[in-house]
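Quantities reported herein were computed from a predicted structural model and do not represent experimental measurements. Just so it is clear, the values below take in all heavy atoms, side chains as well, and ignore hydrogens, waters and symmetry mates.
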Amino acid sequence: MLQDSRLELGFGAAILRNSATLTRAECSAHPCGGGGISLGDTASATLHAGAMVQDNCAELGGGILLSGWSAAIVSGVVSQNHARDGGGMAVVNASVMEWEGSARCAENAATARGGCLFHDGDRVTFAGRAEVDGNRAASGGGVFSYKGLALQGGLGAATVVT
């Protein structure tokens, strides 16, 4: 477990893999993104079931930021994170994010757009039993997207609640 970390300059406080937990990381550089995890350029990562990114903050993507040509597969929990845009996560530029299994994005907050997710990237796919619930923002409490989102496995399988 990585807890109470602080990043003064740059992006992201940690890269999480497997069943790790990241709590209370803060990114304070300006502009700053990915309070918990930041993937840029051609980076990729998998957040496995059981892994949690919680109680982090940044300007863009409080829990997770994907930028550049990065990609992530999320099966874990992203909760109680805070940002201006994308309280839980932000996917921008040519980035791709896939939610699968029992991934959960809950109780995140954004002061502007996308309580759970701010999306201005290439593709975001919700599959399996992915759940977005209890998030809040001035615009798009659950999801704020400039581009399309994909729901796979039927509308009853993935749940997006604003």
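Taking every heavy atom of both residues into account, Gly40 and Ser70 meet most closely at N-CB, 4.2 Å. Minimum heavy-atom separation, Gly88 to Asn81: CA-CB, 4.2 Å. Closest heavy-atom contact between Ala72 and Leu39: CB-CD1, 4.2 Å. Among all heavy-atom pairs drawn from Asp85 and Ala90, the shortest one is O-CB, 4.4 Å. Taking every heavy atom of both residues into account, Glu107 and Asn135 meet most closely at N-OD1, 3.3 Å. Trp99 and Ala130 get closest at one heavy-atom pair: CB-CB, 4.0 Å.
Under the 4.5 Å side-chain contact rule for hydrophobic residues, Tyr146 and Leu65 share a cluster.
Gln80 and Gln54 are not linked by any side-chain donor-acceptor pair at a separation below 3.5 angstrom, with hydrogens and angles left out of the test.
Residues Cys116 and Met89 meet the side-chain proximity criterion, which asks for heavy atoms closer than 4.5 Å. The side-chain heavy atoms of Ile73 and Glu100, taken from C-beta on, include a pair separated by under 4.5 Å. When side chains are defined from C-beta on, Leu117 does not count as touching Asn108, because their heavy atoms never get closer than 4.5 Å. Side chains of Val132 and Phe126 form a contact here, defined as non-hydrogen atoms less than 4.5 Å apart.
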Could you walk me through whether Lys147 and Val124 satisfy the side-chain contact (heavy atoms from CB on, under 4.5 Å) test, starting with their C-alpha distance in whole Å, then the side-chain angles of each, then the deciding distance to 0.1 Å, before giving a yes or no? CA-CA 9 Å; Lys147 301 177 181 180; Val124 172; over 6 Å; no
Dump the intermediate steps for salt bridge (charged side-chain N to carboxylate O under 4.0 Å, His left out) on Glu98 and Arg123, then the final yes or no. CA-CA 8 Å; Glu98 296 191 13; Arg123 185 180 79 242; 2.9 Å; yes
Steps toward side-chain contact (heavy atoms from CB on, under 4.5 Å) verdict (Val91, Phe118): CA-CA 6 Å; Val91 178; Phe118 174 79; over 6 Å; no
Quick one, Leu47 with Val53, criterion side-chain contact (heavy atoms from CB on, under 4.5 Å). Give me CA distance, side-chain angles, the key distance, then yes/no. CA-CA 9 Å; Leu47 185 68; Val53 177; 4.0 Å; yes
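Residues meeting the side chain to side chain contact (heavy atoms under 4.5 Å, CB included) test with Ala110, sequence neighbours left out: Ala137.
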